[in-house]
Amino acid sequence: MEKSQPTKVTVQAVIQAPVEKVWRYWTEPDHITKWNQASEDWHAPRAENDLRIGGKFLTRMEAKDGSMGFDFGGVYDVVNLHEAIGYAMEDGRRVDIAFVDQGNETKVVETFDAESSNPVELQQAGWQAIMDNFKAYTEHN
């Protein structure tokens with residue numbers, strides 16, 4: 001039986017900041033905990049990041065009211081400074097992020113394999129909300 005290819009979903013934003021700052025805010029745990037949530041009622045109380053090929057990352061995501069939470073993690077297989085990050089999530093799905101240097105702004109394009117439990121539109125909206133939080137945090141700090 002042939003395994004079907006996962007649906008690829010893309011989210012993106014143009015951040016009004018140079019690529020060096022965008023990269024730092026995307027990859028440093030102290031910054032990740034400030035922007036990595038899809039809505040105001042969630043937060044990321046903890047993040048760990050070993051940014052190298054074969055390195056692992058983990059971000060704890062929780063509802064602020066304590067009603068639910070989960071660990072989001074994976075293993076890097078692409079790390080090109082200021083250009084690209086790629087990883088496999090713990091469930092085997094793939095994520096690729098491109099950082100496009102446009103001078104005083106940076107385009108971030110993130111493509112991920114959708115999971116089968118939730119509608120693709122819902123997943124795209126959630127990941128885009130996180131991307132939008134990243135943009136706002138990076139531009140205002």
Side-chain angles (χ1 to χ4, degrees), residues 2-141:
E2 208 174 302
K3 186 179 176 194
S4 63
Q5 292 286 45
T7 300
K8 300 270 186 201
V9 181
T10 299
V11 298
Q12 60 186 326
V14 175
I15 291 93
Q16 302 302 310
V19 71
E20 296 82 6
K21 178 181 179 182
V22 170
W23 181 272
R24 192 170 66 249
Y25 279 37
W26 188 274
T27 61
E28 292 180 1
D30 286 348
H31 292 297
I32 293 168
T33 59
K34 307 281 192 314
W35 59 262
N36 200 351
Q37 64 274 336
S39 63
E40 287 297 315
D41 53 344
W42 279 73
H43 66 146
R46 187 177 80 253
E48 302 166 11
N49 196 18
D50 183 9
L51 186 63
R52 62 182 174 83
I53 292 176
K56 295 180 180 181
F57 72 92
L58 181 124
T59 302
R60 179 68 186 168
M61 303 176 98
E62 295 179 354
K64 288 182 180 176
D65 67 5
S67 62
M68 62 186 312
F70 62 93
D71 291 334
F72 179 80
V75 178
Y76 294 110
D77 55 17
V78 175
V79 179
N80 297 326
L81 184 65
H82 300 157
E83 292 178 2
I85 295 172
Y87 61 87
M89 289 185 261
E90 292 173 340
D91 63 6
R93 291 181 299 132
R94 174 119 206 105
V95 179
D96 290 290
I97 306 128
F99 298 82
V100 183
D101 184 350
Q102 299 177 333
N104 286 330
E105 62 183 30
T106 305
K107 184 176 185 179
V108 180
V109 181
E110 185 174 28
T111 302
F112 66 94
D113 292 344
E115 43 93 354
S116 56
S117 305
N118 293 293
V120 170
E121 298 77 19
L122 184 66
Q123 295 175 65
Q124 183 170 23
W127 285 57
Q128 185 65 55
I130 293 170
M131 178 72 75
D132 294 345
N133 281 342
F134 173 75
K135 174 181 169 63
Y137 173 76
T138 303
E139 290 178 354
H140 295 103
N141 290 286

Examine distances only and state if a side-chain atom of Glu48 and a backbone atom of Thr59 form a donor-acceptor pair shorter than 3.5 Å. no
Say you draw a straight line from CD of Glu83 to CD1 of Ile97; how long is it, rounded to the nearest 0.5 Å? 14.0 Å
All heavy atoms of Asn36 vs all of Ala44, minimum pair found to be O-CB, 3.6 Å
Can you name the residues that form a salt bridge (Lys or Arg N to Asp or Glu O under 4.0 Å) with Glu105, not counting sequence neighbours? none
With rounding to the nearest 0.5 Å, note down the distance linking CG in Asn133 to OG1 in Thr138. 10.0 Å
Between Phe99 and Val108, what is the shortest heavy-atom contact and its length? CD2-CG2, 4.0 Å
Apply side chain to side chain contact (heavy atoms under 4.5 Å, CB included) to Glu110 and Trp26, showing your working. CA-CA 12 Å; Glu110 185 174 28; Trp26 188 274; 3.7 Å; yes
Ring-plane angle category for Trp42 and Phe70, please: parallel below 30°, perpendicular beyond 60°, tilted otherwise. tilted
Kindly compute the distance separating CD (Glu62) from CG (Asp71), expressed to the nearest 0.5 Å. 8.5 Å
Derivation and outcome, side chain to side chain contact (heavy atoms under 4.5 Å, CB included), residues Trp23 and Leu51: CA-CA 11 Å; Trp23 181 272; Leu51 186 63; 3.8 Å; yes
Closest non-hydrogen contact found for Met89 with Arg94 is CE-O, 4.4 Å
Taken in chain and number order and not counting sequence neighbours, the residues that satisfy side-chain contact (heavy atoms from CB on, under 4.5 Å) with Glu115 are Arg93, Ser117, Asn118, Gln123
So, taking the atom named CE in Met61 and the one named CE in Met68, what distance separates them when rounded to the nearest 0.5 Å? 11.5 Å
Where the side chain of Thr33 meets the backbone of Asp30, is there a donor-acceptor pair that is under 3.5 Å apart? yes
OG1 on Thr7 to CZ on Phe112, rounded to 0.5 Å: 10.0 Å
Under the side chain to side chain contact (heavy atoms under 4.5 Å, CB included) criterion, do Val79 and Tyr87 qualify, and how do the steps go? CA-CA 9 Å; Val79 179; Tyr87 61 87; over 6 Å; no
Report yes or no: does Lys107 contribute a side-chain atom to a donor-acceptor pair with the main-chain N or O of Gln12 at less than 3.5 Å? no
Starting at OG1 of Thr10, measure out to CH2 of Trp127 and round the result to the nearest 0.5 Å. 11.0 Å
Inspect the surroundings of CG in Asp91 and state if more than 12 heavy atoms from other residues, nucleotides or ligands are less than 6.0 Å away. yes
What are the two closest heavy atoms between Ala13 and Lys135, and how far apart are they? CB-CD, 4.2 Å
Thinking salt bridges, do Asp96 and Lys8 make one under a 4.0 Å N-O criterion? no
Evaluate whether atom NZ of Lys21 has more than 12 neighbouring non-hydrogen atoms of other residues, nucleotides or ligands under 6.0 angstrom away. yes
Could you report the tightest heavy-atom contact between Gly126 and Ala38, atom names first, then the distance? O-CB, 3.8 Å
Keeping Lys56 on the side-chain end and Asp50 on the backbone end, is there a donor-acceptor pair under 3.5 Å? no
Ala47 and Pro29 have their tightest heavy-atom pair at O-CB, 3.3 Å
His31: partners by side-chain contact (heavy atoms from CB on, under 4.5 Å), with sequence neighbours left out: Tyr25, Glu28, Trp35, Tyr137
Check against side chain to side chain contact (heavy atoms under 4.5 Å, CB included), Tyr76 and Asn49: CA-CA 10 Å; Tyr76 294 110; Asn49 196 18; 2.6 Å; yes
Donor-acceptor under 3.5 Å (Thr106 side chain, Ala17 main chain): yes
